[in-house]
Amino acid sequence: MNPITIDQLLAGVGHETGTSPWREVTQAMIDQFADATDDHQFIHCDPERAARETPFGGTIAHGFLTLSLLSTMAYETIPPLQGADIGINQGFETVKFVAPVRSGARIRTRFVLAQAKVRPSGWVEIAHDVTIEIEGSKKPALTARWLTLTKVEPAAP
């Protein structure tokens, strides 16, 4: 993916940046996330019990697992800034978990550039409105406003 300039970034405010490729959320991913976070609730880790005792028909991904996949989907979708040498996740203004992601479902993210501001220090504040869609679902998995900072080295004279 070719880097974009600051001017191109600023011109893109209010427009869709792109949509990531589809990504399957597997039971193995869910189990690994459960191990990493010590969240082994049966709705995530016990397919038979989750099928019997929940309205989901089986296990579902942790909401935070779904949210954490934004990093890789952004890397696959959003062009880097020319001269950028570091990017930092600054957090979220809003996050809303709308619909569960069932084990085996495919998700993708739509990124809309909501704001971009260049600080005098060379840091660029970026806000994306993100929607993680679930293939075949009318409702998204989640919506959020994601804040990041990118350090851009000044162009050589």
Side-chain angles (χ1 to χ4, degrees), residues 1-6 8-41 43-45 50 54 56 58-119 121-152:
M1 190 172 328
N2 293 327
I4 62 170
T5 65
I6 296 286
Q8 289 171 312
L9 174 75
L10 295 173
V13 172
H15 300 281
E16 185 173 295
T17 304
T19 303
S20 72
W22 289 106
R23 172 177 299 276
E24 183 179 359
V25 178
T26 66
Q27 187 62 49
M29 290 169 66
I30 296 168
D31 292 341
Q32 289 172 337
F33 192 84
D35 289 342
T37 60
D38 281 335
D39 182 353
H40 294 92
Q41 186 179 27
I43 65 172
H44 306 302
C45 300
T54 73
F56 310 124
T59 56
I60 60 171
H62 305 72
F64 287 126
L65 166 57
T66 304
L67 186 68
S68 71
L69 291 172
L70 280 174
S71 293
T72 192
M73 291 188 280
Y75 182 77
E76 296 169 337
T77 308
I78 299 172
L81 280 176
Q82 201 170 57
D85 59 2
I86 188 172
I88 298 173
N89 180 0
Q90 195 178 26
F92 295 87
E93 280 186 7
T94 60
V95 176
K96 183 172 183 178
F97 298 105
V98 180
V101 176
R102 291 178 175 87
S103 176
R106 292 188 344 146
I107 60 172
R108 68 179 179 187
T109 302
R110 291 192 179 279
F111 295 89
V112 175
L113 181 59
Q115 296 174 344
K117 177 184 173 188
V118 181
R119 294 179 181 173
S121 62
W123 285 95
V124 182
E125 298 176 20
I126 301 171
H128 280 97
D129 288 333
V130 297
T131 303
I132 297 184
E133 302 173 334
I134 306 166
E135 188 174 44
S137 175
K138 291 180 183 177
K139 291 183 179 180
L142 68 84
T143 59
R145 174 155 293 182
W146 187 18
L147 309 175
T148 59
L149 290 171
T150 302
K151 178 70 165 128
V152 177

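In this structure, Pro140 and Ile134 approach most closely via the heavy-atom pair C-CD1, 4.2 Å. Minimum interatomic distance between Asp39 and Cys45 (heavy atoms only, all atoms of both residues): O-SG, 4.3 Å. In plain terms, the two heavy atoms of Phe33 and Leu65 that are nearest each other are CZ-N, 3.4 Å. Closest approach of Glu76 and Ser20 over heavy atoms only: OE1-CB, 4.3 Å. The minimum heavy-atom distance linking Leu10 with Ala116 is given by the pair CD2-O, 3.6 Å. Of all heavy-atom pairs spanning Trp146 and Gly91, the tightest one is CD1-O, 3.3 Å.
Annotation: side chain of Thr77 is not in contact with side chain of Thr17 (no heavy-atom distance under 4.5 Å). The shortest distance between side-chain heavy atoms of Leu70 and Ile132 falls below 4.5 Å. The side-chain heavy atoms of Thr37 and Phe64, taken from C-beta on, include no pair separated by under 4.5 Å. Side-chain contact check for Pro100 versus Thr66: every heavy-atom pair is 4.5 Å or farther apart.
Note that CZ of Phe97 and NE2 of His62 are 11.5 Å apart. Values are rounded to the nearest 0.5 Å. Distance check: Thr150 OG1 to Gln90 CD gives 10.0 Å after rounding to the nearest 0.5 Å. Rounding to the nearest 0.5 angstrom, the gap separating the CD1 atom in Ile30 from the NE2 atom in His44 is 8.5 Å. Rounding to the nearest 0.5 angstrom, the gap separating the CD atom in Gln8 from the CD1 atom in Ile6 is 10.0 Å. The distance from the OG1 atom of Thr19 to the CZ atom of Arg108 is 5.5 Å, given to the nearest 0.5 Å. Within the model, atoms CD of Glu135 and CD1 of Ile107 stand 11.0 Å from one another, a figure rounded to the nearest 0.5 Å.
Remark: side-chain polar atoms of Arg119 are not paired, donor with acceptor, to backbone N or O of Glu125 under 3.5 angstrom.
None of Arg110, Lys138, Lys139, Arg106 except one satisfies the side chain to side chain donor-acceptor pair (under 3.5 Å) rule with Glu133; the exception is Arg110. Of the options Val13, Ile78, Leu9, Leu149, a side chain to side chain contact (heavy atoms under 4.5 Å, CB included) to Ile126 is made by Leu9 and by none of the others.
The environment of Phe56 atom CZ is dense: over 12 non-hydrogen atoms of other residues, nucleotides or ligands sit within 6.0 angstrom.
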### Query
When you look at Met29 and Leu69, which way does the side-chain contact (heavy atoms from CB on, under 4.5 Å) test go after all the steps?
CA-CA 11 Å; Met29 290 169 66; Leu69 291 172; 3.9 Å; yes
### Message
As a quick check of understanding, evaluate side-chain contact (heavy atoms from CB on, under 4.5 Å) for Asp129 and Thr143, giving each step before the final call.
### Response
CA-CA 7 Å; Asp129 288 333; Thr143 59; over 6 Å; no
### Query
What's the verdict on side-chain contact (heavy atoms from CB on, under 4.5 Å) for Ile4 and Gln82, showing C-alpha distance, side-chain angles and the deciding distance?
CA-CA 5 Å; Ile4 62 170; Gln82 201 170 57; over 6 Å; no
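Asp31 and His40 form no side-chain donor-acceptor contact under 3.5 Å, judged by distance and modelled atom types alone.
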